Amino acid sequence: MVRITLPDGSVKEFSSAPTVGEVAASIGAGLAKSALGGRVGATGANLAKDGELVDLAHRIEGDSSLAIVTAKNRDGTVSPDALYLLRHSCAHIMAEAIQRLYPGVQLVYGPPLETNFYYDMLFPDGKVMSADDFEKVEAEMAKIVAENRPFTRYELPIADGIAKLEKEGSKFKLDNAQRAVEAGSKSLSWYATGEPGKNWEDLCRGPHVPATGKIGAFKVLSLASSYWKGDEKLDRLTRVYGTAFATKEELEQHVRLQEEARRRDHRTLGKQLRLFHIDEMVGQGLILWTPKGSIVRNELQNFIGAELRKQGYHQVYTPHIGKLDLYKTSGHFPYYKESQFPAIVEGDDLTKLCDSGCSCGELVARIDGVSAQFARELNERTGREVIAQDRVMDADKLINGFLLKPMNCPHHAKIFASEPHSYRDLPVRLAEFGTVYRWEQSGELNGMTRVRGFTQDDAHLFVREDQVAEEVLGCLSLVKIIFSTLGMHEYRVRVGLRDPDGTKYVGDPANWDKAEQACRDAAKTLGVPFSEEPGEAAFYGPKIDFVVKDVIGRSWQLGTVQVDYNLPVRFDLSYTGQDNKPHRPVMIHRAPFGSMERFCGVLIEHFAGAFPCWLNPEQVRVLPISEKSAAYADELVAALKARGVRATVDHGNDRVQAKIKVAAEEKIPYMAVVGPRDAENRVVSVRARGVEANLGEMPFDAFVAGIAAEIDARLLSGAPGTVQAAMTK
RNA sequence: GCCACCGUAGCUCAGUGGUAGAGCACACCCUUGGUAAGGGUGAGGUCGAGGGUUCAAUCCCCUUCGGUGGCUCCA
């Protein structure tokens with residue numbers, strides 16, 4: 001007797017172990033037809049969620065819970081499990097189609113993803129696939145779907161399975177199998193698309209939909225390249241992306257959403273709205289902020305600057321370069337050389353060296369090198385060999401130079417060190433919109449979100465051990481103010497902690513415990529879910545990161561708060577304690593936006609270019625009906641400007657309809673249409689962005705005051721208190 | 001950095017082995033029009049750059065720069 005518990009709590013009894021499909025059939029013919037798979041779990045388990053996703057043909061050997069997976073859940077929502085099954089199965093179908101069209105193609109790995117799937121494959125020498133072939137592949141796939149062949153699972157003992165794969169000669173599949181064995185698999189499973197031994201098959205853990213005909217809609221999307229196991233020394237593979245849905249409508253909607261996402265892409269909007277420019281001649285990854293983009297950035301800086309003053313920060317400025325010794329002390333040079341612009345070395349030094357026949361290798365060594373005294377002092381101070389002996393050389397051989405700063409902390413540390421501090425003075429909070437330069441790989445550059453020169457809204461807090469928790473909390477509250485003012489709620493928080501058995505960390509373990517707890521506690525105050533990630537801490541301290549997704553689903557780290565026990569030692573920072581003895585401060589690095597560039601890029605997508613009034617480059621556009629109302633329009637703009645509102649008037653020769661269209665395209669939050677009637681009654685006719693209708697008339701002075709108030713309060717568009725809200729009540 | 005694809009007017013994009021086109025934007029003229037495009041005229045391009053093949057290259061080939069999508073990488 002096998003007892004199956006269904007999601008509604010009812011129990012079905014079977015005399016012998018039923019398959020998922022048989023259970024479905026026992027419930028109803030309709031369900032049997034639409035069933036794609038099931039989730040099984042032990043009796044009492046939280047059904048559906050915790051169970052294991054299995055084939056329809058899976059036999060349930062003992063008492064168990066079972067949720068039948070169909071394309072749509074009972075509440076009409078699309079089932080992620082169903083999409084997983086569909087996409088995994090479709091990956092097989094695509095692989096079969098491609099192997100038919102391109103004999104000799106070797107398969108590697110083909111998993112389903114959140115919105116699509118891919119299959120990595122190795123094309124034989126000289127053969128390639130191009131986007132032009134997608135139609136051909138789709139046609140071949142359509143045939144396989146039309147044949148409605150069943151996905152048939154069979155298993156082999158490990159030894160037999162490995163022997164089979166060895167005979168077939170695919171090192172990729174053999175490797176997959178070996179890894180499955182290492183991970184604890186007791187046998188190896190194959191899925192034939194049809195009949196084993198007769199039809200196409202693939203080594204696969206499953207599960208799959210019952211038959212190819214269940215794939216309602218699919219599309220081959222794109223090609224990319226990848227490396228086997230992500231290692232560029234191994235085989236270069238072709239990755240073919242596709243997606244599948246239960247119905248054509250869902251696929252079409254997905255395609256529409258993708259198009260919408262592309263329209264929201266900050267690179268597209270940035271060009272359309274003239275927010276920033278990247279110029280070939282200036283360089284890759286170097287952002288030119290246009291007048292409009294600069295307004296957005298400047299407003300953000302003013303906003304955060306005001307918050308910083310409230311929290312007791314001091315504004316500082318530091319130069320864009322520093323001597324190599326500074327970064328040799330901080331440890332950034334030469335260890336992070338790969339991601340730094342090359343050192344700036346004086347021309348005379350280089351000429352002399354070249355004349356003396358100095359090799360490139362030697363040149364590099366002399367730039368990287370330090371004096372014996374430098375090495376001894378730093379190694380003693382840190383208690384570790386942070387400077388290896390092979391970097392030590394005679395002082396007269398060293399070449400000094402400068403580095404474009406990759407971070408601001410060394411400069412700030414030197415400001416702190418420039419005067420003595422009492423324990424009473426701490427915390428010292430130094431803030432700077434500091435521009436840093438990093439040599440990112442060219443393939444990694446992306447609009448404003450990954451660049452080579454960027455400005456961090458950086459600050460370094462020099463605090464006593466007992467102040468770490470409170471200051472971390474203060475940093476987080478700043479982040480919270482920023483995110484809530486901007487209506488950004490879709491972010492993830494990562495708390496990076498020590499690896500439990502790691503030895504690479506500097507600082508006292510007891511202090512680490514306290515700092516980690518401080519980070520956890522602070523993260524809790526944000527009221528959003530956060531993940532603790534052991535091993536993700538920097539070697540110098542725990543950290544809290546904020547991660548958001550862009551419109552095409554890529555994750556970007558924005559703000560960060562990091563506790564640092566390392567730099568204070570390296571720079572020998574100290575303060576005088578109550579005991580009149582020197583004590584080591586702790587540094588907290590924090591950048592709530594992360595970088596102005598990345599943050600603005602993400603913000604453009606967050607608002608789809610429709611910034612709230614306070615941030616928008618242009619806040620009000622006045623549209624005179626005709627030249628007859630030009631003077632009244634000018635008067636309105638002058639009144640708005642007097643209140644600090646960014647307003648312009650469209651004196652163009654167009655009809656008001658055309659002016660509205662242009663202003664709407666520029667995503668200006670408010671339009672004030674003025675004609676003879678308005679002038680006579682001292683009113684303006686108001687339109688708000690995103691609202692089709694004319695909102696009606698508002699007295700001249702009330703409009704000016706209302707807009708100014710909305711801006712001062714930094715309200716989100718349409719929020720209570722805005723002019724728009726007042727007029728749509 | 002690696003692989004694939006792409007690069008034509010300010011923007012979005014057509015097109016061709018015989019040195020180029022549209023729409024929008026821009027300028028000028030007509031129009032003075034009450035809520036998402038009035039009409040006309042005109043200006044604007046070494047077809048990313050360099051080299052090669054060819055009688056002839058924007059088009060074919062090579063190199064290079066830049067972009068996009070992935071991979072790898074982000075102290």
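Predicted model only: the values in this text are computed from it and were never measured. The sequence lines fix the lettering, A, B, ..., with proteins before strands; numbering per chain opens at 1.
- A close approach under 4.0 Å does occur between a side-chain nitrogen or oxygen of A:R239 and OP1 or OP2 of B:C71.
- Remark: the separation of the C1' atoms in B:G23 and B:A9 is 12 Å, to the nearest Å.
- Here B:A75 is the nucleotide among B:U32, B:U31, B:A75 with the atom lying nearest to any side-chain atom of A:M407.
- On the C1' atoms, B:C13 is 14 Å away from B:A25, given to the nearest whole Å.
- Rounded to whole Å, the distance from CD on A:E666 to P on B:C24 is 17 Å.
- Of the two residues near RNA chain B, A:S442 and A:V662, the one whose nearest nucleotide lies more 5' is A:S442.
- When rounded to the nearest whole Å, the span between CD of A:Q340 and P of B:A75 equals 13 Å.
- For the pair A:E692 and A:Q284, nearest-nucleotide mapping onto RNA chain B gives the more 5' position to A:E692.
- When heavy atoms are screened at a 4.0 angstrom cut-off, A:D678 is found touching base atoms of the nucleic acid.
- The pairing partner recorded for B:A56 is none, the criterion being a Watson-Crick or G-U wobble arrangement whose two distances lie under 3.5 angstrom.
- A:T238 comes within 4.0 angstrom of no nucleic acid atom, judged by non-hydrogen atoms across all strands.
- Checking side-chain atoms of A:Q99 against main-chain N and O of A:V105 turns up a donor-acceptor pair under 3.5 Å.
- Side-chain N/O atoms of A:R450 include none lying less than 4.0 angstrom from OP1 or OP2 on B:C74.
- Not a single donor-acceptor pair under 3.5 Å links the side chain of A:S629 to the backbone N or O of A:I625.
- Within the 4.0 Å cut-off from OP1 or OP2 of B:U12, at least one side-chain nitrogen or oxygen of A:K271 is found.
- Under the Watson-Crick and G-U wobble criteria, each requiring two contacts below 3.5 Å, nucleotide B:C26 is paired to B:G42.
- Annotation: B:G51 and B:G67 have their P atoms spaced 23 Å apart (nearest Å).
- Relative orientation of the A:H332 and A:Y327 rings is tilted, given thresholds of 30° and 60° on the angle between their planes.
- B:G21 is paired with B:C13 under the criterion used here, namely a Watson-Crick or G-U wobble arrangement in which both key atom distances are under 3.5 Å.
- Distance alone, capped at 3.5 Å, is enough to place a donor-acceptor pair between the A:D457 side chain and the A:F593 backbone.
- Backbone-only engagement by A:Y241 is indicated by non-hydrogen atom pairs under 4.0 Å involving sugar-phosphate atoms exclusively.
- Of all nucleotides present, only B:U63 satisfies the Watson-Crick or G-U wobble test against B:A49, with each distance under 3.5 Å.
- Checked against B:C71, B:A75, B:G33, the side chain of A:I625 finds its nearest nucleotide in B:G33.
- Spacing between atom NZ of A:K659 and atom P of B:A36 amounts to 14 Å, rounded to whole angstrom units.
- In this structure, B:G69 forms a base pair with B:C3, meeting either the Watson-Crick or the G-U wobble geometry with both donor-acceptor distances under 3.5 Å.
- Among the heavy atoms of the strands lying under 4.0 Å from A:E627 is at least one base atom, whether or not backbone atoms are also near.
- In this structure, B:G33 forms no base pair with any nucleotide, since neither Watson-Crick nor G-U wobble geometry is met with both distances under 3.5 Å.
- Between B:C29 and A:N653, no contact under 4.0 Å exists linking OP1 or OP2 to a side-chain N or O.
- Between A:R452 and A:F341 the shortest heavy-atom distance is O-CE1, 3.7 Å.
- B:G34 atom C1' lies 11 Å from atom CZ of A:R687, rounded to whole Å.
- Crowding of A:E259 atom CD: a count of heavy atoms from other residues, nucleotides or ligands under 6.0 Å exceeding 12.
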